[in-house]
Amino acid sequence: MHEQVLDLRKRPLRDLRISVTDKCNFRCRYCMPAEIFGPDFEFLPQHKLLSFEEITRLTSMFTSLGVGKIRITGGEPLMRKNLPELIKMIRQVDGVQDIAMTTNGSLLANHAQALKDAGLDRVTVSLDSLDNERFGQLNGRGYQVESVLKGIRAAAEVGLSIKINMVVQRGVNDHDILPMARYFREQGHTLRFIEFMDVGNSNGWKLDQVVPSSEIVRMIHEEMPLEAIDPNYFGEVASRYRYVGSDQEIGLISSVTQAFCSTCTRARLSAEGKMYNCLFASAGEDLREPLRTGRSDEEIKELICSIWERRDDRYSEERLKETPGLAKRSKVEMSHIGG
Ligand SMILES: Nc1nc2c(ncn2[C@@H]2O[C@H](COP(=O)(O)OP(=O)(O)OP(=O)(O)O)[C@@H](O)[C@H]2O)c(=O)[nH]1
Ligand SMILES: C[S@@+](CC[C@H](N)C(=O)[O-])C[C@H]1O[C@@H](n2cnc3c(N)ncnc32)[C@H](O)[C@@H]1O
Ligand code: SF4
Ligand code: SF4
């Protein structure tokens with residue numbers, strides 16, 4: 001029987017999002033702007049990263065506290081060597097119901113089969129445009145759209161369940177909303193539109209660059225009629241819509257205009273083993289030191305419980321009320337803890 005841990009706002013701990021590396025082959029401006037994450041930027045050295053054994057041990061502690069959903073993220077998770085090995089190890093942990101991975105897709109084609117064989121259930125591939133020139137600029141490294149589409153095709157061929165994430169920025173890729181909707185409707189993959197967020201300290205976020213989800217729904221509905229549908233599970237991040245007369249759907253992730261903190265059940269583990277209670281947290285709590293200094297599972301579980309039980313985070317709800325003040329807070333970088 002698994003325990004249930006509640007935070008100060010009575011939110012249960014259900015999901016664990018594990019960042020396996022802080023490195024990435026892309027330099028998306030909204031996440032890792034090249035002028036900050038340049039050639040001199042110091043990424044974590046290998047010995048500071050949690051080992052696969054350490055990640056697996058922590059995962060089993062989290063599942064005994066009520067976590068069932070695991071998401072592997074980064075940085076770019078496929079830059080971590082032997083990732084399928086880790087998936088295999090997590091798959092064997094009692095209580096793990098669902099293992100998903102968020103990836104930029106550029107390295108997916110070569111790894112899809114091994115990931116599927118290791119026990120990965122789902123991939124979410126990030127793609128912000130189908131226009132090669134724009135995509136090359138958005139990813140900051142000139143990667144072609146085709147490299148990502150190839151990854152998506154490979155994932156579909158091996159039977160991984162697939163979603164596509166698109167971060168929408170006004171004046172940057174809002175023209176891509178309809179082409180993306182048409183293409184992925186035809187491909188049969190769920191496309192989710194993410195409102196551009198003020199994560200980290202360096203992406204130059206401004207409220208007027210956010211395209212509200214309501215506007216996106218209106219735009220698509222005019223051409224391809226949509227109807228709202230119920231969430232799949234408690235605390236689902238995306239609001240779901242179905243194309244009328246089909247099973248094909250889209251999702252809207254509206255953390256700016258319709259914050260969903262009241263049902264947030266997600267803990268985050270950084271690549272060096274810090275636990276974060278919120279995507280916008282200023283600091284994490286170190287779990288690596290207790291792992292490496294011989295603390296027992298019971299002791300570390302107690303620590304995890306105490307971190308979650310003290311949790312009062314609800315950054316996106318607060319942002320709705322006081323955007324200017326919040327801009328001054330120091331926040332962890334998204335590439336450090338994943339999305
Ligand atoms: N503000 C905020 N944004 C989040 C949170 N979780 C996810 N997001 C945003 O939503 C995007 C998509 O998240 P995913 O990991 O694909 O969503 P998910 O809910 O885990 O997906 P499913 O398990 O497929 O429902 C992330 O990249 C973030 O931009 C959260 O807790 N807070
Ligand atoms: C940090 S990335 C890590 C995984 C992988 N590298 C990828 O891009 O899918 C996870 C997700 O966060 C999203 N993301 C990054 N910065 C964001 C921002 N400022 N606002 C909204 N979403 C963002 C990305 O688009 C991606 O879908
Ligand atoms: S969003 Fe993903 S692909 Fe883009 S820079 Fe961040 S970690 Fe890399
Ligand atoms: S802003 Fe923080 S508390 Fe709110 S939904 Fe996102 S991670 Fe959860």
Side-chain angles (χ1 to χ4, degrees), residues 7-9 11 14-17 19-34 36-37 68-79 97-107 121-128 135 138-141 143 148 161-168 190-200 202-203 231-240 251-268 271 276-281 311-320 326 331-339:
D7 72 6
L8 291 174
R9 296 182 174 269
R11 296 169 295 189
R14 298 232 173 115
D15 313 39
L16 180 63
R17 303 166 76 93
S19 171
V20 293
T21 178
D22 58 340
K23 295 193 179 122
C24 186
N25 52 337
F26 282 14
R27 286 292 176 273
C28 310
R29 281 213 64 76
Y30 53 60
C31 177
M32 294 179 85
I36 290 165
F37 294 86
K69 266 181 85 176
I70 305 292
R71 180 169 291 276
I72 307 294
T73 176
E76 173 46 44
L78 291 173
M79 299 218 26
Q97 292 153 7
D98 178 46
I99 313 179
M101 179 181 74
T102 309
T103 171
N104 65 33
S106 63
L107 306 169
D121 296 304
R122 313 189 281 132
V123 280
T124 302
V125 180
S126 307
L127 180 63
D128 295 340
F135 183 62
L138 282 165
N139 65 53
R141 288 273 170 91
Y143 277 86
V148 180
S161 168
I162 298 170
K163 288 180 185 167
I164 312 297
N165 275 353
M166 171 182 181
V167 176
V168 182
T190 298
L191 170 62
R192 280 125 38 103
F193 298 94
I194 305 176
E195 288 178 347
F196 175 41
M197 297 191 292
D198 51 335
V199 289
S202 49
N203 74 2
N232 275 316
Y233 57 89
F234 172 84
E236 186 169 24
V237 163
S239 317
R240 301 167 63 212
L252 282 303
I253 300 178
S254 322
S255 99
V256 179
T257 62
Q258 296 161 57
F260 37 76
C261 301
S262 63
T263 56
C264 179
T265 56
R266 291 170 286 282
R268 296 177 153 86
Y276 289 85
N277 281 338
C278 179
L279 195 49
F280 298 88
R311 176 183 194 245
D312 194 25
D313 303 67
R314 52 191 189 98
Y315 180 90
S316 297
E317 281 180 1
E318 290 171 336
R319 181 216 291 112
L320 276 179
L326 289 170
K331 292 167 278 177
V332 64
E333 293 295 335
M334 186 100 152
S335 56
H336 207 72
I337 55 167

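One-based numbering, in listed order, for ligands and for the atoms of each.
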For Lys163, the atoms of ligand 1 under 4.0 Å from one of its heavy atoms are 22 (P), 24 (O), 25 (O)

Give the numbers and elements of all ligand 1 atoms closer than 4.0 Å to a heavy atom of Arg17.
7 (C), 13 (O), 14 (P), 15 (O), 20 (O)

Show me which atoms of ligand 1 lie under 4.0 Å from any heavy atom of Ser255.
1 (N)

Glu76 and Asn25: side chain donor to acceptor below 3.5 Å:
no

Per-atom contacts of ligand 4 with Ser316, taking only distances under 4.0 Å to non-hydrogen atoms
1 (S)

Does a side-chain heavy-atom distance below 4.5 Å link Leu279 with Met197?
yes

Got a donor-acceptor contact below 3.5 angstrom from the Arg319 side chain to the Ser255 backbone?
yes

Of all the atoms in ligand 1, which lie at a distance below 4.0 Å from a heavy atom belonging to Tyr233?
19 (O), 22 (P), 23 (O), 25 (O)

Does the side-chain contact (heavy atoms from CB on, under 4.5 Å) test come out yes or no for Thr102 and Ser126, once each step is laid out?
CA-CA 7 Å; Thr102 309; Ser126 307; 4.1 Å; yes

Using heavy atoms and a threshold below 4.0 Å, how should the contact between Phe280 and ligand 1 be classified: side chain, backbone, both, or neither?
side chain

Would you say the side-chain atoms of Arg11 pair up with the backbone N or O of Cys261, donor to acceptor, closer than 3.5 Å?
yes

With a cut-off of under 6.0 Å to the ring centre and 45° to the axis, is Arg14 in cation-pi contact with Tyr233?
no

At a 4.0 Å threshold, what atoms of ligand 4 neighbour a non-hydrogen atom of Cys278?
1 (S), 2 (Fe), 3 (S), 7 (S)

Would you say that Val256 contacts Phe196 through its side chain, given a criterion of any heavy-atom pair below 4.5 Å between the two side chains?
no

Contact check: Cys31 to atom 6 (Fe) of ligand 3, N/O/S below 2.8 Å:
yes

For atom 4 (C) of ligand 1, which protein heavy atom lies nearest, and how many Å away is it?
Leu279 CD2, 3.7 Å

Heavy-atom nearest neighbour in the protein, as seen from atom 32 (N) of ligand 1, with distance rounded to 0.1 Å:
Phe260 CE1, 3.6 Å

Do the ring planes of Phe135 and Phe26 sit parallel (below 30°), tilted (30 to 60°) or perpendicular (above 60°)?
perpendicular

For atom 6 (N) of ligand 1, what is the closest protein heavy atom, and at what distance to 0.1 Å?
Arg268 NH2, 3.2 Å

Does the side chain of Tyr315 come within less than 4.5 Å of Asp198's, by heavy atoms?
yes

Using 4.0 Å as the upper bound for N to carboxylate O, is an ion pair formed by Asp15 and Arg71?
no

Considering only heavy atoms of Asn104, which atoms of ligand 3 have at least one such atom less than 4.0 Å away?
3 (S)

State, with a plain yes or no, whether a side-chain heavy atom of Ser254 is found less than 4.5 Å away from one of Glu195.
yes

Against ligand 1, does Ala100 come closer than 4.0 Å with any heavy atom?
no

For atom 7 (S) of ligand 4, what is the nearest protein heavy atom, given as residue, atom name and distance?
Leu279 N, 3.3 Å

Taking only non-hydrogen atoms of Met334 and a 4.0 Å limit, the atoms of ligand 1 in range are 29 (O)

Starting from atom 11 (C) of ligand 1, find the nearest protein heavy-atom neighbour and note its residue, name and distance.
Ile194 CD1, 3.6 Å

Looking only at protein heavy atoms, identify the closest one to atom 21 (O) of ligand 1 and say how far it is in Å.
Arg71 NH2, 3.3 Å

Which protein heavy atom lies closest to atom 9 (C) of ligand 1, and at what distance to 0.1 Å?
Ile253 CG2, 4.0 Å

One should read off an interatomic distance between Arg122 CZ and Ile72 CD1, to the nearest 0.5 angstrom, of 12.0 Å

Out of all atoms in ligand 4, which are within 4.0 Å of some heavy atom of Asp313? Include the element for each.
3 (S)

Do the side chain of Asp7 and the main chain of Asp312 share a donor and acceptor less than 3.5 angstrom apart?
no

Do Ile36 and Glu333 come within less than 4.5 Å of each other through their side chains, counting heavy atoms only?
no

Could you tell me the residue and atom name of the protein heavy atom closest to atom 8 (Fe) of ligand 3, and the distance to it rounded to 0.1 Å?
Cys24 SG, 2.3 Å

Numbered in order shown, the ligand 4 atoms found under 4.0 Å of a heavy atom of Phe260 are 5 (S)

Which of the numbered atoms in ligand 1 are under 4.0 angstrom from any heavy atom belonging to Ser316?
1 (N)

Quick one: do Asp313 and Tyr276 satisfy side chain to side chain donor-acceptor pair (under 3.5 Å)? Show the steps, please.
CA-CA 10 Å; Asp313 303 67; Tyr276 289 85; over 6 Å; no

Specify the protein heavy atom at minimum distance from atom 16 (O) of ligand 1: its residue, its atom name, and the distance to 0.1 Å.
Arg192 NH2, 2.4 Å

Do you know which two heavy atoms are closest between Arg27 and Cys24, and how far apart they sit?
NH1-O, 2.8 Å

Hey, are the side chains of Met334 and Tyr30 touching, using non-hydrogen atoms and a 4.5 Å cut-off?
no

Going by the order shown, which atoms of ligand 4 are within less than 4.0 Å of some heavy atom of Phe280?
1 (S)

Record the part of Glu317 in heavy-atom contact with ligand 1 below 4.0 Å; permitted values are side chain, backbone, both and neither.
neither

Measure the shortest side-chain to side-chain distance between Arg192 and Thr124 over non-hydrogen atoms and say whether it is less than 4.5 angstrom.
yes

Please state which part of Thr73 comes within less than 4.0 Å of ligand 1, counting heavy atoms only: side chain, backbone, both or neither.
neither

Side chains of Met101 and Leu78 in contact at under 4.5 Å (non-hydrogen atoms):
yes

Where ligand 1 meets Arg122 - atom numbers and elements under 4.0 angstrom, heavy-atom basis
22 (P), 23 (O), 24 (O)

Using a 4.0 Å cut-off to any heavy atom of Met197, which atoms of ligand 1 qualify?
1 (N), 3 (N), 28 (C), 29 (O)

Is the closest heavy-atom distance from Gly75 to ligand 3 below 4.0 Å?
yes

Under 4.0 Å from one or more heavy atoms of Cys261, ligand 4 contributes atoms 1 (S), 3 (S), 4 (Fe), 5 (S)

Does ligand 4 have an atom under 4.0 Å from some heavy atom of Arg268?
yes

Distance check below 2.8 Å: does Cys28 bring an N, O or S atom to atom 8 (Fe) of ligand 3?
no

Can you pull out the closest protein heavy atom to atom 31 (O) of ligand 1? Residue, atom name and distance to 0.1 Å, please.
Arg266 NE, 2.7 Å

